[in-house]
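From a predicted model like this one, the values you see are computed outputs, not experimental measurements.
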2 protein chains.
Amino acid sequence: MMSEDSIKEYLRERALKATPIRVGLLSLLSERESAIPYSEIQENLKSFDRVTLYRTLNALIDGGIVHKASTSGDETYYALCSQKCSKHCHKHEHIHFKCTACHEVSCVHIEQAIKISIPNFQIEEVSVEVKGVCDKCCK
Amino acid sequence: MMSEDSIKEYLRERALKATPIRVGLLSLLSERESAIPYSEIQENLKSFDRVTLYRTLNALIDGGIVHKASTSGDETYYALCSQKCSKHCHKHEHIHFKCTACHEVSCVHIEQAIKISIPNFQIEEVSVEVKGVCDKCCK
DNA sequence: TTTTCAAATGCAACAATGTTGCATCAAAAA
DNA sequence: TTTTTGATGCAACATTGTTGCATTTGAAAA
Ligand SMILES: [Mn+2]
Ligand SMILES: [Mn+2]
Ligand SMILES: [Zn+2]
Ligand SMILES: [Zn+2]
């Protein structure tokens with residue numbers, strides 16, 4: 001949950017104009033804990049043109065503020081990056097979890113570092129998507 | 001690489017009619033080591049209707065013969081399942097690797113079992129997608 | 001071999017996602 | 001306040017994926 005002012009500041013810090021759709025998108029993403037599917041974002045920002053929304057998403061992904069949290073399949077989900085991300089370093093040390101009960105997709109930090117090694121392959125990036133039941137739905 | 005006859009037999013074993021597009025799709029998939037993106041499959045089977053291709057892909061996925069090897073993002077890739085898969089058990093103990101040099105997507109078996117645990121979450125399925133440089137492109 | 005019929009196909013139509021070009025507009029700097 | 005670069009809206013387009021329905025065909029039964 002970020003205030004409108006801190007969102008505007010955050011954008012300008014990263015050399016992005018603080019336009020209404022950008023502020024709207026970032027407040028939407030910041031007021032949720034989970035990632036949001038494209039269709040729902042569009043629904044929430046339907047006063048803006050769909051093309052502009054796509055350009056906005058891409059601009060913010062480019063700027064290291066937003067990332068896709070796809071979870072293989074149907075819809076594309078979007079979530080806020082940690083403040084550590086930037087245009088030039090856009091790495092995530094978390095997994096994406098899709099709950100089969102509530103269907104929420106969330107970014108989850110895990111303790112164990114995932115180390116994959118394959119003989120004669122050079123590993124650059126590992127992404128892990130997990131399905132299961134989230135803590136809220138478990139209890 | 002499977003012969004046309006063994007493909008037909010394989011389909012009938014799983015209660016699927018051995019139609020031309022199914023045989024065509026399976027020979028295409030079996031003559032490659034890597035997964036194939038949808039667009040390329042369509043290009044190779046363009047004598048068939050696009051709708052039929054989609055229905056074929058779904059039927060074979062349903063039957064435990066083919067699986068998606070998505071590798072987060074743009075295109076959907078398809079690959080043959082191991083012969084162990086079936087309609088009712090469709091599990092894969094391998095990762096999907098996308099080479100940033102040759103852009104091939106492949107199913108790669110790894111030795112280490114990936115164990116993810118998150119406190120208070122129930123894990124059902126873990127899928128791992130890795131980017132890097134494949135063995136062919138490394139040497 | 002011929003008959004039969006459920007299953008598979010092709011076609012038309014549709015919906016959703018995503019992209020590009022271009023004229024206009026506005027945020028932030030000068 | 002003016003300037004100007006970058007952001008927006010609109011039209012048009014491409015691709016992916018789905019559904020309904022009439023027609024055809026694979027494979028089993030007769
Ligand atoms: Mn994430
Ligand atoms: Mn695979
Ligand atoms: Zn849940
Ligand atoms: Zn390669």
Side-chain angles (χ1 to χ4, degrees), chain A residues 4-27 35-78 87 105, chain B residues 4-27 35-78 87 105:
Chain A
E4 198 173 305
D5 282 346
S6 62
I7 287 172
K8 287 184 177 174
E9 200 187 312
Y10 190 37
L11 283 164
R12 290 183 192 122
E13 269 167 19
R14 283 154 196 254
L16 292 162
K17 287 188 186 174
T19 63
I21 190 171
R22 288 175 183 176
V23 175
L25 175 62
L26 292 182
S27 28
I36 308 181
Y38 172 74
S39 58
E40 205 173 321
I41 294 175
Q42 192 181 276
E43 181 60 28
N44 270 274
L45 298 173
K46 59 165 161 277
S47 58
F48 300 96
D49 192 89
R50 206 166 55 77
V51 174
T52 306
L53 178 53
Y54 277 109
R55 289 199 267 232
T56 300
L57 286 164
N58 288 332
L60 298 196
I61 288 171
D62 234 55
I65 294 181
V66 166
H67 69 278
K68 291 187 183 180
S70 42
T71 306
S72 45
D74 32 338
E75 279 206 271
T76 305
Y77 284 74
Y78 295 89
K87 195 180 176 74
V105 171
Chain B
E4 197 173 305
D5 282 345
S6 61
I7 288 172
K8 287 183 177 176
E9 198 187 313
Y10 191 36
L11 283 164
R12 290 183 193 125
E13 269 168 21
R14 284 155 197 253
L16 292 162
K17 287 188 188 175
T19 63
I21 190 172
R22 290 178 180 173
V23 174
L25 174 62
L26 292 183
S27 26
I36 308 181
Y38 172 75
S39 58
E40 205 174 322
I41 294 176
Q42 191 182 278
E43 181 59 30
N44 271 274
L45 298 173
K46 60 165 162 278
S47 58
F48 300 96
D49 190 87
R50 206 167 54 79
V51 174
T52 305
L53 178 53
Y54 276 109
R55 289 200 266 231
T56 300
L57 286 165
N58 289 331
L60 298 196
I61 288 172
D62 233 55
I65 295 181
V66 167
H67 69 279
K68 291 187 183 181
S70 44
T71 306
S72 47
D74 31 338
E75 280 206 89
T76 304
Y77 285 73
Y78 296 89
K87 194 177 177 75
V105 171

Where does the chain B footprint on DNA chain C start and end, counting 5' to 3' with a 4.0 Å heavy-atom cut-off?
C:dA6 to C:dA12

B:Y38 OH to D:dG17 P, in whole Å, measures 7 Å

Counting only heavy atoms and a strict 4.0 angstrom limit, can you tell me which residues of residues 6-24 of chain A come near DNA chain C?
A:R12, A:K17, A:A18

Short of 4.0 Å, heavy atom to strand atom, which residues of residues 46-59 of chain A count as contacting DNA chain D?
A:F48, A:D49, A:V51, A:T52, A:R55, A:T56

In this structure, CD of A:E13 is separated from CG of A:L11 (nearest 0.5 Å) by 9.0 Å

The test is side-chain contact (heavy atoms from CB on, under 4.5 Å); show your working for B:K68 and B:Y77 and say whether it passes.
CA-CA 6 Å; B:K68 291 187 183 181; B:Y77 285 73; over 6 Å; no

Below 3.5 Å, can you tabulate the donor-acceptor pairs from side chains in residues 15-27 of chain A to any protein atom, sequence neighbours excluded?
unit_1 : atom_1 : unit_2 : atom_2 : d
A:R22  : NH1    : A:K17  : O      : 3.0
A:S27  : OG     : A:V23  : O      : 2.7
A:S27  : OG     : A:G24  : O      : 3.4

Which side-chain hydrogen bond (donor to acceptor under 3.5 Å, both in side chains) pairs, counting each pair once, include a residue from residues 47-62 of chain A, with sequence neighbours left out?
none

Find the distance A:L45:CG to D:dT8:C1' and express it as a whole number of Å.
14 Å

With a 4.5 Å limit on heavy-atom distance, are the side chains of A:Y78 and A:V66 in contact?
yes

What residues, two or more places apart in sequence or in another chain, satisfy side-chain hydrogen bond (donor to acceptor under 3.5 Å, both in side chains) together with A:Y38?
A:Q42

In short, the helix from C:dT1-D:dA30 to C:dA30-D:dT1 is bent end to end, axes from five pairs each side, to 10°, by 30°

According to salt bridge (charged side-chain N to carboxylate O under 4.0 Å, His left out), who are the partners of B:E9, at least two apart in sequence or on a separate chain?
none

Could you tell me the separation between the NZ atom of A:K87 and the CD1 atom of A:I65, rounded to the nearest 0.5 Å?
10.0 Å

Does A:E75 have any salt bridge (charged side-chain N to carboxylate O under 4.0 Å, His left out) partners at least two apart in sequence or in another chain, and if so, which?
none

Length of the CD-C1' vector between B:E40 and D:dT15, whole Å:
16 Å

Listed partners of A:E40 passing salt bridge (charged side-chain N to carboxylate O under 4.0 Å, His left out), at least two apart
A:R32

In this structure, CG of B:L57 is separated from OG1 of B:T76 (nearest 0.5 Å) by 9.5 Å

